[in-house]
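So the structure is just underneath, and the comments pick up after that.
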Amino acid sequence: MTSLGVNIDHIANVRQARRTVEPDPVPMAMLAELGGADGITVHLREDRRHIQDRDVELLRQTIRSRLNLEMAATSEMVAIALRVRPDMVTLVPERREEVTTEGGLDIISQKAALTDLVSQLQEVGIPVSLFVDPDGRQLEASKLCGAQWVELHTGAYAEAGWTEQPQELARLSEGSVIARQLGLRVNAGHGLTYQNVEPVAALPGMEELNIGHTIVARALAVGLQQAVREMKALIQNPRLDPLFGQTPG
Ligand code: PXP
């Protein structure tokens, strides 16, 4: 059965919009686990636009499921991973100006460097997954790098119109077959939603889907009414002024 890795970056995005302490992705990860998350995924970006170093450290200490650290293939990030020891590292391409991860890694053009990073991490027991498009040549290069896993980029499938979606699903299906023939284990993610997830989850051999934005969006939708109700109750029925012991005015 396909498992679910919940990506909580967008919770941190809301916090960083105000540089305050809420919402804190660390206790939210526990709620995701209570909801059935099999793992928690965070992307520690070079520019620290959402997840912070402190989040990764605290998640490592507090979550009971698995911590999947998404990161760029840089020596700074490898040093962090070697210290924090996540349960998996997913290497992703990263550009400062992008809104989100835009494509899979080009493994072919950076095979030597990636092979070195993969072996540094796997030598200490951290399995490495490479985020790649469902492309046979990239998958073969992933295997040659020594990675144990790949995460198939589902962005093209998610963005395709309904007439092209079957074709993109077929690419994912073929990619998953090729990866498994090469001896790689297969995850997938990016852009998946409540509307488009089922055919991907049903692909044979699909081990885990990493899903973030749509879950955080749904959490807002299902939680907003209660949040407003609670604020309105406070405003309409204020307690004694907590500082002065009386209702002001
Ligand atoms: N997998 C990878 C490698 C990603 O970079 C992302 C986005 O951070 C996701 C999965 C989750 O994508 P989404 O937020 O669109 O569900």
Side-chain angles (χ1 to χ4, degrees), residues 2-14 16 25 28-29 32 35 37-52 55-56 59 66-74 77 81 86-107 114 117-118 127-135 138-139 142 147-160 168 172 175-176 179 184-201 203 206-221:
T2 307
S3 59
L4 172 63
V6 176
N7 180 314
I8 56 174
D9 294 349
H10 292 290
I11 297 172
N13 258 331
V14 178
Q16 294 311 112
M28 295 291 169
D38 301 292
I40 300 295
T41 299
V42 288
H43 184 176
L44 185 67
R45 293 187 78 101
E46 191 189 16
D47 63 10
R48 307 299 198 270
R49 69 173 69 159
H50 40 52
I51 292 294
Q52 306 296 305
D55 301 330
V56 179
L59 286 166
R66 286 177 275 111
L67 179 62
N68 175 15
L69 179 61
E70 273 182 30
M71 58 183 226
T74 65
M77 289 298 154
D87 299 292
M88 174 176 280
V89 159
T90 301
L91 293 177
V92 297
E94 199 175 298
R95 287 191 305 119
R96 268 183 185 264
E97 60 276 20
E98 70 193 355
V99 174
T100 182
T101 315
E102 282 168 358
L105 280 165
D106 183 1
I107 315 276
L114 285 172
L117 293 194
V118 168
V128 177
S129 177
L130 300 176
F131 186 51
V132 286
D133 292 322
D135 172 294
Q138 295 291 353
L139 291 165
S142 303
Q148 294 167 2
W149 298 73
V150 285
E151 178 172 330
L152 297 179
H153 190 329
T154 50
Y157 163 78
E159 280 160 29
E168 292 299 334
L172 287 169
S176 153
L184 292 161
R185 298 178 69 176
V186 182
N187 296 333
H190 207 281
L192 296 174
T193 65
Y194 292 83
Q195 289 71 35
N196 66 22
V197 71
E198 288 164 282
V200 181
L203 290 177
M206 185 57 68
E207 296 210 32
E208 184 157 283
L209 298 180
N210 283 309
I211 305 181
H213 188 268
T214 202
I215 293 177
V216 175
R218 176 65 60 113
L220 285 179

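Residue numbers run from 1 in the order of the sequence given. Please read these numbers as outputs of a predicted model, since none were measured by experiment. As the structure lists them, so they are numbered: ligands from 1, and atoms in each ligand from 1.
- A donor-acceptor pair under 3.5 Å links the side-chain atoms of D9 to the main chain of H43, judged by distance alone.
- Here's the thing with E70: one of its N/O atoms is less than 3.5 angstrom from an N/O atom of ligand 1.
- Annotation for ligand 1: atoms under 4.0 Å from non-hydrogen atoms of V92 are 3 (C).
- Listed by atom number, the atoms of ligand 1 under 4.0 Å from D9 heavy atoms are 8 (O).
- Taking every heavy atom of both residues into account, A29 and I8 meet most closely at CB-CD1, 4.0 Å.
- Look at T214 and you'll find every heavy atom at least 4.0 Å from all atoms of ligand 1.
- Checked by distance only, ligand 1 and I211 stay at 3.5 Å or farther apart across all their nitrogen or oxygen atoms.
- Looking only at distances, no side-chain donor or acceptor of E46 sits under 3.5 Å from a matching main-chain atom of E94.
- Short contacts between ligand 1 and F131, defined as distances under 4.0 Å to a heavy atom of the residue, involve ligand atoms 3 (C).
- With a 4.0 Å cut-off on non-hydrogen atoms, I215 does not touch ligand 1 at all.
- With S142 contributing its side chain and Q138 its backbone, the two residues share a donor-acceptor pair below 3.5 Å.
- Here the side chains of T2 and L203 are not in contact, with every heavy-atom distance at 4.5 Å or above.
- For D106, the salt bridge (Lys or Arg N to Asp or Glu O under 4.0 Å) test picks out no residue, with sequence neighbours left out.
- Ligand-side atoms of ligand 1 in range of H213: 13 (P), 14 (O), 16 (O), range being under 4.0 angstrom from any heavy atom.
- Annotation: salt bridge (Lys or Arg N to Asp or Glu O under 4.0 Å) contacts of R66 (sequence neighbours excluded): E208.
- Considering backbone and side-chain N/O of T90, none are found under 3.5 Å from N/O of ligand 1.
- The side chain of N7, and not its backbone, has at least one atom closer than 4.0 Å to an atom of ligand 1 (non-hydrogen atoms only; side chain from C-beta on).
- In terms of polar-atom proximity, L192 is not counted as a contact of ligand 1, lacking any N or O under 3.5 Å from an N or O of the ligand.
- Partner E151 forms a side chain to side chain donor-acceptor pair (under 3.5 Å) with one of N68, N210, N187 and no other, that one being N210.
- Of the heavy atoms in H153, none comes closer than 4.0 Å to ligand 1.
- Side chain of E198 to backbone of N196: no donor-acceptor contact under 3.5 angstrom is found.
- Considering backbone and side-chain N/O atoms, N210 never comes within less than 3.5 Å of an N/O atom of ligand 1.
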